[in-house]
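Labels below follow one simple rule: chain letters A, B, ... track the order of the sequence lines, proteins then strands, and each chain is numbered from 1.
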Amino acid sequence: MPELPEVEAVVRQIRPKLIGRTIQSARFAIPRQLRPQSPRVVARAVRGQTIHEVRRRGKIILIEMDKGTLLVHLRMTGRLYVRKDEKPNDPHERAWLSLDDGGDLLAFRDPRTLGVIRYYPAGTPIAAVNDAGWEPLEVVPAVNDVRALLKRRSIAIKPLLLNQSIWAGIGNIYASEILWRARVSPRKSAKRLSCAEIERLIEAVPSVLRRALEMGGSTVRDFADGEGRAGRYQREFAVYGRDDEPCSRCGRPILRIVQAQRSTYFCRHCQK
DNA sequence: CAGTCGCCCTGCGTGC
DNA sequence: TGCACGCAGGGCGACT
């Protein structure tokens, strides 16, 4: 579900509610989500630790404590929010961290249970973080640096944008939106992008993501931020989910194709 | 090695 | 109404 803008929205919501709080206890309902670690071991490890920082790297949420870091990846349907401990349990909640004062709880809701939770003792390398590519809202890479990464990749540019080691945080919705803005065909082999196309891509990546973040992210099905609020960027989608509708640039119908088992939306006329 | 595919899950909308 | 099917914002491991 959530891509960079949605994850950032969640982090901004929960961060002030978590910093300085101490974890009293933790519960994990789906052991598979912690594999290869075990719920019991992780619960014991985090108990009594104080949260110092809550950060995002790409789509990854990092809850940093005295002696280690809890990593949360929301994957398709995960949500994180702070709520009062007394509310009746949502049947889709899968993990809970109870906080010291005020009877608050950090809840992890994830109907499909594809989300991931992992604990890293301080000093342990976090591979997914170390392997993550440019942070789109912080780094504007040089054309030559992007070209170097693309030059021997024959894979189509759209599935490559989903690879988190180029830019971190781009997912299936924004990949289509970014390529429409950059006027690059999603089917074009990465190594065949011209310098001009790479320049447009470098412009489009942060532009699309920043605008989506300003709008509170996108809500296609049921995304909600840490306050339970829906995003509004879906109203501005140029192509995602708009197959057969006219392209706002040229009026030709938007196409839907499948690449690497995922839907791609684009305009064949203005994306070459 | 690079690229593709199946799969992990649940829930919802569509069409018969 | 009920059921089967396709599809979903992600990413990994097993293949070719």
Side-chain contact, heavy-atom cut-off 4.5 Å: [X] with [Y]?
{"X": "A/His269", "Y": "A/Cys247", "result": "no"}
{"X": "A/Glu6", "Y": "A/Leu74", "result": "no"}
{"X": "A/Ile157", "Y": "A/Leu150", "result": "yes"}
{"X": "A/Trp96", "Y": "A/Ser25", "result": "no"}

Co-membership, hydrophobic cluster, residues [X] and [Y], 4.5 Å side-chain:
{"X": "A/Tyr174", "Y": "A/Leu137", "answer": "yes"}
{"X": "A/Leu106", "Y": "A/Val116", "answer": "no"}
{"X": "A/Leu179", "Y": "A/Val140", "answer": "yes"}

I'd like the [atom1] distance from [M] over to [N], given in whole Å.
{"N": "C/dA14", "M": "B/dC9", "atom1": "P", "value": "16 Å"}
{"N": "C/dG6", "M": "B/dG6", "atom1": "P", "value": "13 Å"}
{"N": "B/dC12", "M": "C/dG11", "atom1": "P", "value": "23 Å"}
{"N": "B/dC5", "M": "C/dC7", "atom1": "P", "value": "15 Å"}

Are A/Glu93 and A/Arg83 ion-paired here, with the side-chain N under 4.0 Å from a carboxylate O?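 Here A/Glu93 pairs with A/Arg83 in a salt bridge, since their nearest N and O are under 4.0 Å apart.
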Tell me whether A/Glu177 is salt-bridged to A/Arg181, with the criterion being a basic N under 4.0 Å from an acidic carboxylate O.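 Looking at A/Arg181 together with A/Glu177, the answer is no, because their closest N to O distance does not fall below 4.0 Å.
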To the nearest 0.5 Å, tell me how far [X] [atom1] sits from [Y] [atom2].
{"X": "A/Arg183", "Y": "A/Glu197", "atom1": "CZ", "atom2": "CD", "value": "9.5 Å"}
{"X": "A/Trp134", "Y": "A/Ser165", "atom1": "CH2", "atom2": "OG", "value": "9.5 Å"}
{"X": "A/Ile178", "Y": "A/Arg200", "atom1": "CD1", "atom2": "CZ", "value": "14.5 Å"}

Can a side chain N or O of A/His92 be found less than 4.0 Å away from OP1 or OP2 on B/dC9?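 No, A/His92 has no side-chain N/O under 4.0 Å of OP1/OP2 on B/dC9.
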C/dG9 phosphate, OP1 or OP2, under 4.0 Å from A/Lys59 side-chain N/O: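 Indeed not, no polar side-chain atom of A/Lys59 lies that close.
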Strictly under 3.5 Å: I want the nitrogen or oxygen pairs between protein and nucleotides 6-8 of chain C, one per line.
from  : atom 1 : to       : atom 2 : distance (Å)
C/dA8 : OP1    : A/Ser263 : OG     : 2.2
C/dA8 : N3     : A/Arg112 : NH1    : 3.1

Using a cut-off of strictly less than 4.0 Å between a heavy atom of the residue and any atom of DNA chain B, enumerate the qualifying residues of residues 154-170 of chain A by number.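 Residues of residues 154-170 of chain A under 4.0 Å from DNA chain B: A/Ser154, A/Ile155.
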Atom pair distance, as rounded to whole Å: [atom1] in [X] and [atom2] in [N]:
{"X": "A/Arg32", "N": "C/dC12", "atom1": "CZ", "atom2": "P", "value": "16 Å"}
{"X": "A/Arg75", "N": "C/dC12", "atom1": "CZ", "atom2": "C1'", "value": "7 Å"}
{"X": "A/Leu149", "N": "B/dC1", "atom1": "CG", "atom2": "P", "value": "17 Å"}
{"X": "A/Arg35", "N": "C/dC12", "atom1": "CZ", "atom2": "C1'", "value": "11 Å"}
{"X": "A/Leu114", "N": "C/dC12", "atom1": "CG", "atom2": "P", "value": "13 Å"}
{"X": "A/Gln234", "N": "C/dG9", "atom1": "CD", "atom2": "C1'", "value": "12 Å"}
{"X": "A/Ile173", "N": "C/dG11", "atom1": "CD1", "atom2": "P", "value": "13 Å"}
{"X": "A/Arg152", "N": "B/dG3", "atom1": "CZ", "atom2": "P", "value": "12 Å"}

By ring pair (Phe, Tyr, Trp, His ring centres under 6.0 Å), which residues pair with A/Phe237, not counting sequence neighbours?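 Checked A/Phe237 against ring pair (Phe, Tyr, Trp, His ring centres under 6.0 Å); matches are A/Tyr233, A/Tyr240.
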Distances under 3.5 Å between nitrogen or oxygen atoms of protein and nucleotides 14-16 of chain C:
none

Just checking, any donor-acceptor pair under 3.5 angstrom between side chains of A/Ser176 and A/Thr264?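 There is no such pair (donor and acceptor under 3.5 Å, judged by atom type) between the side chains of A/Ser176 and A/Thr264.
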Using Watson-Crick pairs (N1 to N3, plus N6-O4 or O6-N4) and G-U wobble pairs, both distances under 3.5 Å, which stems of at least 3 pairs involve DNA chain B?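 DNA chain B forms these stems: B:2-8 with C:10-16, B:10-16 with C:2-8.
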Pairs flagged by side chain to side chain donor-acceptor pair (under 3.5 Å) wherever residues 117-127 of chain A is involved - sequence neighbours left out: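 Sorted pair list: A/Gln49-A/Tyr119.
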Between B/dA2, C/dG11, B/dT10, which nucleotide gets closest to the side-chain atoms of A/His73?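 Given the options B/dA2, C/dG11, B/dT10, the side chain of A/His73 is closest to C/dG11.
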